[in-house]
Amino acid sequence: MATDDGDRYRPAQVEERWQAEWERRGTNLFTAVELGSPERPYYNLMMFPYPSAEGLHVGNIYAFTGADVHGRFQRLTGRDVFEPMGFDAFGIHSENFALKVGVHPMDLIPRNVANFTRQLRRMGGMFDWNHAVDTTSPEYYRWTQWIFLQLFKAGLAERKEAPVNWCPSCKTVLANEQVVGGLCERCDTPVEQRRIAQWFFRISDYAERLLSNLDTLDWSETTKKAQQNWIGRSEGANLRFPIPDLDDSAFLEVFTTRPDTVFGATYMVLAPEHPLVDRVTAPDRRAEVEEYRERVARLDLVARKKVDKSKTGVFTGGHCENPATGERIPIWIADYVLMEYGTGAVMAVPAHDERDFEFASAFELPVRRVVAQEGEDPGAPVDETYTGDGRAVNSGTFDGLGTHEAKRAIVAWLAERGLGTLRVHYRLHDWCISRQRYWGPPIPIVYCEACGAVPVPEDELPVVLPRVQDFKPDDSGVSPLARVEAWYRITCPECGGEARRETDVSDTFLDSAWYFLRYPSARREDVPFDPELVRKWLPVDCYIGGNEHAVLHLLYARFITMALKDIGHLHFEEPFARFRAHGLIIRDGAKMSKSKGNVIVPDPIIEEHGADAFRLYLMFLGPFEEGGDYRDQGIQGPFGFLKRLWETVIPLDGLRDGSPDPVVERKLHQTIAQLTVQLSELQYNTCIAALMEYLNAVRAGGRTPARAEVEPLVVMVAPFCPHLAEELWSRLGHGASVFEGASWPSFDPEKAREDTVELAIQVNGKVRGTIALARGTSEEEALALARKEPNVARYLEDVELHRVVYVPDRLLNLVVR
RNA sequence: GCCGGGGUGGCGAAAUCGGUAACCGCAGGGGACUUAAAAUCCCCCGGGGGUAACCCCUUCUGGGUUCGAAUCCCAGCCCCGGCACCA
């Protein structure tokens, strides 16, 4: 039948034809007018890729396909779907790769972008290439710099000192991931901490909002949890410990979640960097304290926070006063106390905190029980720390209170003397956006002797990243741009005096924190985003991406959106109404990696089986939100399905006219019903199984299918296999693209309903037979029929029928004794 | 350590308002077509027993609730992800 040359399914041919056709007709492109007046806008966003030299990998393809299937489905139901694509091409990744291969990133990136674009077209994504963005183009990063300036003007950007990893041999700043086991990944020299001035965005001002808004978002639960963890809200109190040795008003402030244990605070520990260390240190301890502080500074930032190392620290010789007991307690410093959390100081309660107990044991410091469990002797020695709730003991007038009441009562009592207040702290710290690197947008600030840090005037943007041949980080300790004197020497925009540009560039996460605002306005040179377009298209209806960006990217994008809303540039504060994290693709049960040599190379697969089959297979592997295990042979199933679909439709004279067969029609309506629900829920694997089942029904026993049976099938396959669907749709005699009209079939619940059901007959919960009967059969009738079933009757002999459980149209359970 | 998600045939998986476990597909076995192979088509395919009708067992392990549990509850084991000297 279908052996004739012209009639065989040749995916390469079909796909090339339709990719060209879509381009020629502008099927997936919005004109400025269309974008300005959508009837039913649907913004379908996916995380834009970093265009690596290796090209698209399966992870990208998997994510984009899942998102594209969703977008195409929405379009088939009549939505105006905007599905843009772009490239996140700045950053250390590109820079390191460029250094490695000795090609300038300004030459490398366009090549990679071109290759990615080619591969993305080939996959059949419905991308609006008229609105693509590239974060490395000056037209884009001009507005990234503009955003920095808006935040700067709103007081949300500030310059402060912060520790960085420093390699004393390479004399350069290292990112955490460039430190391997405390050593520089390039030269194996031990890494140190260094403090340098950097720009921060005050994201921590937004911690509470970022946290509480999560409740209002339709996001993958795992993603929300990751953000909650990251923000790390913690309720407690700030308590003040006076230092009478210094002066009457001097005090140390600590944050604690257990103010109820303050009576058990037997010593104090400060972070080595704490500003009061110098003042409290006794002269005879100074040498030791300094030596310890230097030792800590030599640790890299990762090693400093390692959990399983034993406690170290030194006594400063100074003392403060426990505000509850009035006792003089010693002040220590230790590296397990971190300057960036809370107040950089802790009151040590060894009886009720693991770390303090460990420290106290190591340095023989006193331990005092102040919380007792049921029936515990308050005076018994503490040989194990207890961190749970209990009754307050050895706590003066608070003895006997439960942990919860004790917290409140003790804070209230200290508050009367100005020594305590309830506080909430967050783990989230401010966003450091400075990078002492080359491949990023220069931070638009100018330093002037007279005027200080001055923003570059908006009409002078962009501050163009100069082409520097030698962009390798060097021993200057600042960005390579600091070597380009002709670039950084300028006059102050305010006073006209001598000034120099900021030579650090900004974090890549800033580029991606606002790209979704730019897409609709991608071709506008006058504004970062057009307010009218924003109003029409945003917030994003559906965002799909990897959970590896659950925290940083998604949190930063939310923060920038909130900040821009507060400043008055946006009308909403949550950018992504719905977010779904896709799963990961593994291969033969193992993670894919270049070193294992088991990465999937898409091009040969597409050549052999076509992008449609590849897309279909990827979506069929497993639940989209969980990922799946890729096996090379597996594509045979979906590929065979497409071939059979083709052969079912293509000899068009093999189709009959007239009404569909009732049994097939019922299956059709069931399939439409299932897909309509499941496609919007991204449950692709079960949708595909249903489509296969339906095709099997259409072809059962070599019957001649009716045109009315296959046309809706072609539409339902379209989100997954757009090329094939277009080809079949057009051969079925339709002039326009299947995606141009609202072609999604509707279903009739009446027609989907089964008239005959199979009822399971159980005896004592075990299935002993099944009977076919009319839908809605009464219990009496069903029971009568069941008794006639020989295998059931067997089990009813010589027993007493004790109870009958009837679930209409499902099962009948006969309980006998 | 804390917080999520998960554990079902040889494999990917389906079924989770409690109601016939294993849809769909891969791999495997058998057959048809062919000189042969590929492609295609048909049949079988969780384990055990039985000529068969059928029967017993099976959703990580052990308990529990229920007429009935992959699904709910309790305890434990294992895998994946996030956070982690966070006070």
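Lettering follows sequence order; numbering is per chain, from 1.
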Each nucleotide of nucleotides 50-58 of chain B classed B (base within 4.0 Å of a protein heavy atom), S (only sugar-phosphate) or -, in 5' to 3' order, makes ----SSSS-
For nucleotides 3-16 of chain B, just jot down a letter per nucleotide in 5' to 3' order: B, S or -, based on protein non-hydrogen atoms under 4.0 Å.
SS------SBSS--
Any side-chain N or O of [X] below 4.0 angstrom from OP1/OP2 of [N]?
X	N	result
A/Q636	B/C26	no
A/R355	B/A87	no
A/R810	B/U20	yes

Look through every strand shown and name the nucleotide pairing with [N] as Watson-Crick or G-U wobble, where both distances are under 3.5 Å.
N	value
B/A27	none
B/A53	none
B/C2	B/G82

For the base of B/U20, is there a side-chain donor-acceptor partner from A/Q762 under 3.5 Å away?
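Absent.
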Should we count CD of A/E754 as having more than 12 external heavy atoms under 6.0 Å?
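Yes, the 6.0 Å shell around CD holds more than 12 heavy atoms from other groups.
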Considering only the C1' atoms, how many Å lie between B/C78 and B/C60, rounded to the nearest integer?
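Each nucleotide's C1' atom is 8 Å from the other's.
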Hey, could you give me each pair passing side-chain hydrogen bond (donor to acceptor under 3.5 Å, both in side chains) that has a residue in residues 806-817 of chain A? Not counting sequence neighbours.
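Sorted pair list: A/H802-A/R817.
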Ring centre gap for A/F624 and A/Y62 strictly below 6.0 Å:
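Between A/Y62 and A/F624, which both carry aromatic rings, the centre distance is below 6.0 Å.
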Parallel, tilted or perpendicular, judged at 30° and 60°: which one describes the rings of A/F255 and A/Y341?
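Correct class here is perpendicular.
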